[in-house]
Amino acid sequence: MATVATVVMMLSISTDVFYRVFYRKSLAGLLEISETALVAAVFLGMAYTAFTNSHVSVDLLTSRLKPLPNRILAIVAWALVTVFVAWMTYATYLRAMHSTSEGEVRMGLIA
């Protein structure tokens, strides 16, 4: 699916470039499609890598530990990641609520 998102992004950007060359303006919506496809390509690629356990890892420490300390270290690492992601989610929520209350909008080609 990440490959499909990348192809969609490539086609939308190419179409926009050709349209600008010939008509001197952008097609409405292609910028938003490209941005959305970029996010999809990145996160779908990350999900696939995590699902297939294909990520790069260095096990200098964990390869020397016995199973119990290794398991404890993994639990602590997952707990820290969970706390960090929860904090990021909360901070993003606060920022979104502030932006909404201020009437903040993002510029794009679609009015």
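Quick caveat: nothing in here was measured; it's all calculated off a predicted structure.
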### Close side-chain approach of Val4 to Leu44, heavy-atom, < 4.5 Å
no

### Query
With a 4.5 Å heavy-atom cut-off, do Ile75 and Arg71 have their side chains touching?
yes

#### Entry: Linked, directly or transitively: Val17 and Met10 (ILVMFWY side chains, under 4.5 Å)
no

#### Entry: Contact check, side chains of Ile33 and Val8, non-hydrogen atoms, under 4.5 Å
yes

### Message
Assigning hydrophobic clusters by single linkage (Ile, Leu, Val, Met, Phe, Trp, Tyr; side-chain heavy-atom cutoff under 4.5 Å), is Val76 placed with Leu68?
### Response
yes

### Message
I'd like to check the salt bridge (Lys or Arg N to Asp or Glu O under 4.0 Å) partners of Arg95; sequence neighbours left out, ordered by chain and number.
### Response
Glu104

#### Entry: Asp16 versus Leu27, closest heavy-atom pair with distance
OD1-N, 3.3 Å

### Query
So with a 6.0 Å cut-off around CE of Met97, is the heavy-atom count from everything else above 12?
yes

### Message
Distance check, rounded to the nearest 0.5 Å: Leu11 atom CG versus Thr15 atom OG1?
### Response
6.0 Å

### Task
Check the pair Met46, Val42 against side-chain contact (heavy atoms from CB on, under 4.5 Å), reporting the backbone distance first and the verdict last.
CA-CA 6 Å; Met46 287 172 49; Val42 168; 4.0 Å; yes

### Query
Which atom names give the shortest non-hydrogen contact between Met9 and Ala37, and what distance separates them?
CB-CB, 3.7 Å

### Query
Which pair of non-hydrogen atoms, one from Ala2 and one from Ala41, has the smallest distance, and what is that distance?
CB-O, 3.6 Å

### Message
As an exercise, state the distance from CG of Asn53 to OG1 of Thr49, rounded to the nearest 0.5 Å.
### Response
10.0 Å

### Message
Looking at every heavy atom in both Leu65 and Leu73, which two are closest together, and how far apart are they?
### Response
CD1-CD2, 4.1 Å

### Task
Can you tell me which residue pairs pass the side-chain hydrogen bond (donor to acceptor under 3.5 Å, both in side chains) test with a partner in residues 75-93, sequence neighbours excluded?
none

### Task
Scan for ring-ring contact (aromatic ring centres under 6.0 Å, His included) pairs involving residues 4-36, sequence neighbours excluded, and state none if there are none.
Tyr19-Tyr23

